[in-house]
Amino acid sequence: MENLLSIFLGIGLSAACGFRIFIPFLILGITSSMGLLDLDPNFEWISSTLFIIIFAAFSLAEIIGYFNPWIDNMLDTVATPLSIIAGIILSLSVITGFDPIIHWAIAIIIGGGITANFQFLSVKARSVSSVFSSGFGNPVISGLELLISIMLSILSILFPLIAFLFIIVLIISLFAILRNAKARLNEKF
């Protein structure tokens with residue numbers, strides 16, 4: 001059961017990483033440094049004071065960047081591949097109890113895949129917002145993404161199974177919203 005919970009934790013943190021890359025690292029680092037969560041020994045550096053400070057600085061820069069409608073789309077170009085790598089690293093750091101080959105396979109497939117899906121949905125949401133609001137709605141989208149990343153990171157650490165169920169609902173909801181927006185866009189043009 002502990003192995004399954006660690007997979008749910010990895011899924012939750014990876015999903016949060018699809019919205020903001022550094023927030024899940026920051027929250028994981030803080031909770032791990034407080035002794036609330038054990039990391040894989042190879043990833044204990046995440047909870048070091050130096051890396052917590054680095055994650056905090058990068059989180060602040062990322063937040064500021066995404067609240068600027070002209071910078072957020074440029075950030076997505078860099079953030080998309082980085083978020084997938086970050087999702088894999090987060091999964092590797094918390095998923096435990098597996099043979100190394102299976103451990104890496106789970107992290108790449110689940111961690112990278114979940115992050116890629118949420119990053120795609122996030123980029124799509126901002127692009128739809130740009131079309132409908134000329135970019136002025138993007139800070140609202142960015143605020144929601146930030147809130148989801150924080151909430152999902154904390155929820156994943158405290159209640160991994162509930163976070164997993166929330167992710168399923170979130171995926172279904174986001175796809176429905178984007179499908180409706182696309183239909184409205186097609187009607188408009």
Trainee: Do I63 and I23 have side chains that approach each other closer than 4.5 Å (heavy atoms only, starting at C-beta)?
Mentor: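 Counting from C-beta outward, I63 and I23 do come under 4.5 Å.
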Trainee: Could you see if W45 belongs to whatever hydrophobic cluster contains L50? Use Ile, Leu, Val, Met, Phe, Trp, Tyr and a side-chain cutoff under 4.5 Å.
Mentor: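 W45 and L50: one cluster.
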Trainee: Please say whether more than 12 non-hydrogen atoms of neighbouring residues, nucleotides or ligands are located less than 6.0 Å from CD1 in I168.
Mentor: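 Count over threshold, so yes.
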Trainee: Tell me the closest heavy-atom pair linking G12 and L152, and the distance in Å.
Mentor: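 Residues G12 and L152, closest heavy atoms: O-CG, 3.7 Å.
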Trainee: Same cluster for V123 and I21 if Ile/Leu/Val/Met/Phe/Trp/Tyr side chains link at under 4.5 Å?
Mentor: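 Each belongs to a different hydrophobic cluster.
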Trainee: Quick one: does any side-chain atom of S59 pair with a main-chain N or O of F55 as donor and acceptor, under 3.5 Å?
Mentor: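 The answer is yes, because a donor-acceptor pair under 3.5 Å joins these two groups.
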Trainee: With sequence neighbours excluded, what pairs up with F166 under the ring-ring contact (aromatic ring centres under 6.0 Å, His included) test?
Mentor: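 Listed in chain order: nothing, the list is empty.
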Trainee: Please give me the minimum heavy-atom distance between P24 and L90, naming the atom from each residue.
Mentor: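 Minimum heavy-atom contact is CB-CD1, 3.7 Å.
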Trainee: What's the spacing between L165 CG and F159 CZ if we round to 0.5 Å?
Mentor: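 These two atoms lie 13.0 Å from each other.
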Trainee: With rounding to the nearest 0.5 Å, note down the distance linking CD1 in I106 to CD1 in I11.
Mentor: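 So the gap between those two atoms works out to 9.5 Å.
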Trainee: Looking at S93 and L39, would you say the former's side chain and the latter's main chain have a donor-acceptor pair under 3.5 Å?
Mentor: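 Not confirmed, S93 side chain does not pair with L39 backbone.
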Trainee: According to the side chain to side chain donor-acceptor pair (under 3.5 Å) rule, which pairs have a member within residues 97-112, sequence neighbours left out?
Mentor: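 Qualifying pairs, neighbours excluded: none.
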Trainee: Is the shortest side-chain heavy-atom distance between F118 and L170 below 4.5 Å?
Mentor: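 Contact flag for F118/L170 side chains = yes.
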Trainee: How long is the gap from CG on L144 to CD1 on I141, to the nearest 0.5 Å?
Mentor: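 If we round to the nearest 0.5 Å, L144:CG and I141:CD1 are 6.0 Å apart.
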Trainee: Which value, rounded to the nearest 0.5 Å, describes the distance between L155 atom CG and L9 atom CG?
Mentor: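 Between atom CG of L155 and atom CG of L9 there are 10.5 Å.
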Trainee: Minimum heavy-atom separation for S14 and G111, please, with both atom names.
Mentor: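 Looks like OG-CA, 3.3 Å.
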Trainee: Do any pairs count as a side chain to side chain donor-acceptor pair (under 3.5 Å) and have a residue in residues 35-44, sequence neighbours left out, and if so which ones?
Mentor: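 Counting only pairs at least two positions apart or across chains, the side chain to side chain donor-acceptor pair (under 3.5 Å) contacts touching residues 35-44 are D40-N42.
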Trainee: Can you tell me how far CD1 of I110 sits from CZ of F8, rounded to the nearest 0.5 angstrom?
Mentor: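 Those atoms lie 9.5 Å apart.
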Trainee: Take atom CZ of F67 as the centre, draw a 6.0 Å sphere, and report whether it contains more than 12 heavy atoms from other residues, nucleotides or ligands.
Mentor: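 Atom CZ in F67 is packed in, count exceeds 12.
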Trainee: What are the two closest non-hydrogen atoms of S156 and L13, and how far apart are they?
Mentor: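 In terms of heavy atoms, the two residues are closest at OG-N, 3.8 Å.
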Trainee: So which atom in I27 and which in S153 form the shortest heavy-atom distance, rounded to 0.1 Å?
Mentor: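 Shortest heavy-atom separation between I27 and S153 comes out as CD1-CB, 3.6 Å.
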Trainee: My understanding is that only residues two or more places apart in sequence, or in another chain, count here; which of them pass ring-ring contact (aromatic ring centres under 6.0 Å, His included) with F58?
Mentor: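 By the ring-ring contact (aromatic ring centres under 6.0 Å, His included) rule, F58 matches F22.
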Trainee: Is the shortest side-chain heavy-atom distance between L26 and I30 below 4.5 Å?
Mentor: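 The answer is yes; the side chains approach within 4.5 Å.
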Trainee: Hey, could you give me the OG/CG distance between S142 and L75, rounded to the nearest 0.5 Å?
Mentor: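 Between atom OG of S142 and atom CG of L75 there are 9.0 Å.
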Trainee: Please output the side-chain donor-acceptor pairs of residues 81-89 that fall under 3.5 Å, not counting sequence neighbours, one pair per line with the distance.
Mentor:
| residue | atom | partner | partner atom | Å |
| --- | --- | --- | --- | --- |
| S83 | OG | A79 | O | 3.0 |
| S83 | OG | T80 | O | 2.9 |

Trainee: Working note: L146 + F19, criterion side-chain contact (heavy atoms from CB on, under 4.5 Å); need CA distance, chi angles, decisive distance, verdict.
Mentor: CA-CA 7 Å; L146 175 61; F19 292 104; over 6 Å; no
Trainee: With side chains defined as the heavy atoms from C-beta onward, is the minimum distance between V78 and M74 less than 4.5 Å?
Mentor: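 SC-SC contact between V78 and M74 ruled out.
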Trainee: Looking at F25 and I46, what are the two nearest heavy atoms and their distance?
Mentor: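 Nearest pair, atom of F25 first, then I46: O-CG2, 4.0 Å.
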Trainee: Quick one: does T115's side chain have a donor or acceptor within less than 3.5 Å of a partner on G112's backbone?
Mentor: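 Looks like no, no N/O pair under 3.5 Å.
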Trainee: Could you name each residue pair satisfying side chain to side chain donor-acceptor pair (under 3.5 Å) that touches residues 19-28, not counting sequence neighbours?
Mentor: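 Every side chain to side chain donor-acceptor pair (under 3.5 Å) pair that includes a residue of residues 19-28, provided the two are not neighbours, is R20-E145.
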